[in-house]
Structure formats: C-alpha cells, structure tokens
Amino acid sequence: MSGVVTLGETMALLTPQGRLVAGSATTVGIGGAESNVAIGLARLGVEATWISRVGDDDLGRAVVREIRAEGVRVLADTDPEAPTGMMLKELRGGRPHRVRYYRSGSAASRLAPAHVDAVADEIAAARLLHLTGITPALGAGPRAAVARAVETAHAAGVPVSLDVNHRRTLWSDAEARAVLADLVAGCDLVFAGPEEAELVLGLDPAPVDAEVGADLAARLAKLGPATAVVKLGPLGAVAVADGTRVHVPTRPVEVVDADRAGDAFVAGCLAELVEGRPVEAALALGNAAGGAVCLVPGDWEGLPTRAELAARQADPPADVVR
C-alpha cells in the first residue's frame, strides 16, 4: 500500500510584508489544502502522495519542489498552456488580513477524469484517499475527476475521506450544497466545520457548542459516512463513529495565524486513523496539530512532527484564546 493519497490544487503563495507597493518585500511560498494534509501526514510519519497539475512555469516548479522536499510523493502533470494558480495573503500588523485567489484558468482547474485514470493504480493501492470540497468547486472537469477518484477508490476497497472545506469565493452555497451532500454520502469519513455541516444538511446557522456539534456529526453520519467529525475550534472536536459520540476538548493557544488549522487537524486525525487507532486518539492528535499550526504564521510551515507535539505537551498551556 502507498499510504494516504490526496488530490487537489496547490498554488503559489505571495505574502507582501506590509502593503503591496512598488519595491515592497514579498515572500513566495506555496499553499493548498490537500498538499497541506499530505505534508502534515509526512511530518507525523505517514507516507503520503499528492496528485495534481501545475503550469510549466517557475511557480509550478516551486510548488513541486517544496512538496517533494517535505517527503511527500508528487504525481503532478505539467500543463504547457495553463499557469499555476496563485494566492495573495495580505498582512496587517503582522497578522493575516485577507487572502485573494487567482486560480481561474489554472492548470489544476483543467483536472479531468483522464488525469485520475492515469494514476488509478496509485489510488487503488492507497490506504486511504483524501479529498476536499475545494476541488469540485474549480469547475466541471475537476468535479468529474473527484467523482472518478471516489469511484476508483471504492472499486479497490480503499476508504475515502472528505474535508468539506466550503469556499464561497469559488461557488455559491446553493450550487455547493447538492454537490457536497452527494460527496459526503459517498465517503467513509467526513470532516466539517459547524457552518459547513449546516450547509450540507440544509440547516439554518445556529449557535454551536459540543452537544450541537455532536448532533451535526450524527446527522452527517446518517448521510452515509461511518465516521463524521465536526471541528469546533477552541472547543475541540466531536465525532460520531459507528453510532458512538465522542467529544475531545482542545488545549487553548494564542492564535497567530489560524488559516490552515483545519488542514493540520485533518492530518492529525488521519495519521491515527490509518494506523487503526481509536477515534478519541485521532481527535486528540488533530486538536494538538491544529493548535500547533495556529502558533506560527504561514500556510503549512507550522505543521508539527510528533516530537514537537510531545515537547509542547510538556509546556504549560497558554491562557489566551482568540
């Protein structure tokens, strides 16, 4: 088996140090939910593979180089015509203020079932296939590619994990709801925030605590997944696994950049679940990994190793939650 396989777009990430004006200093990095999970898994000792497409440009080469450098196996086509997607993270006072995406017409937006067929053996040999709701939002081709990936995994008896990860900048709630609900129904494991769970279930937004989160997880599980997890941020996470409800609180942290805490959480959970450990352990490691990422700026740079998490566990907890 080839560990966990992920499928989705990773973009170049530009971060100006202050306002973007002529001559301003700008760092170039990478960012993408699926590759973040793959990197998080690799740092936690789980073999991971990332499947995608990039442009024939320096940004695409940077994406591939950085992900490979983290020990992730990369299977990425190079599109000679379409560019690598890009995002711009604006900072204010040293903290993230706003992220703008430039991914329309990108190489990854041309992802199609044929690209999945080319790596079908990799998916069939995986311990788990992990997807997000971002990829089907990129267009009809990526949507069909995700469906083909799920079909390929199921045919080989490979479990499928989905992080709903709804992006309103890519599609409307109305358009997303039906697609995401179908995806959830076809997966073995689903992750969602409270608002994402409400969207999939067609519920009105409501205040959320651990009990409400567990009810949302139970409703998601009724759609089909054996395990449904609802991420509750500072309240930790809840799961319904084979009908049993579990709530694991988290340790408070002083948040510097929480943009990719959800990806870190998913990586932590998957790292335990693919090893056959109980859902309580998965939620605990997910919480710890998500908290660690919040402590440093960046998209994936703060993803922790197990040794780093163990060292942090020995430290006294922070007393501020933002």
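In this text, all values refer to a predicted model and were calculated from it rather than measured experimentally.
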> Can you check salt bridge (charged side-chain N to carboxylate O under 4.0 Å, His left out) on Glu272 and Arg306, steps first, answer last?
Replying inline: CA-CA 11 Å; Glu272 297 291 75; Arg306 289 182 183 270; 3.0 Å; yes
> Does Arg219 reach the side chain of Val230, with side-chain heavy atoms less than 4.5 Å apart?
Replying inline: no
> Quick one: does Arg103's side chain get under 4.5 Å of Leu170's, heavy atoms only?
Replying inline: yes
> Hey, are Arg110 and Glu81 close enough for a salt bridge, meaning a charged N less than 4.0 Å from a carboxylate O?
Replying inline: yes
> Any salt bridge between Glu211 and Arg245, counting N to O under 4.0 Å?
Replying inline: no
>> Can you tell me how the ring of Phe265 sits relative to the ring of Phe191, calling it parallel under 30°, perpendicular over 60° and tilted otherwise?
In response: perpendicular
> Any side-chain donor paired with an acceptor under 3.5 Å for Thr49 and Glu122?
Replying inline: no
> Looking only at side chains, do Thr10 and Glu66 share a donor and an acceptor under 3.5 Å apart?
Replying inline: no
> Can you check side-chain contact (heavy atoms from CB on, under 4.5 Å) on Thr132 and Val266, steps first, answer last?
Replying inline: CA-CA 11 Å; Thr132 78; Val266 169; over 6 Å; no
>> If hydrophobic clusters are built by linking Ile, Leu, Val, Met, Phe, Trp and Tyr wherever their side-chain heavy atoms come under 4.5 Å apart, do Ile67 and Trp300 end up in the same one?
In response: yes
> Among Glu9, Arg143, Glu34, whose side chain to side chain donor-acceptor pair (under 3.5 Å) with Thr135 holds?
Replying inline: Glu34
>> For a side-chain contact (heavy atoms from CB on, under 4.5 Å) check, start with the C-alpha distance between Arg168 and Asp173, then their side-chain angles and the critical distance, and finish with the verdict.
In response: CA-CA 7 Å; Arg168 289 190 171 94; Asp173 288 359; 2.9 Å; yes
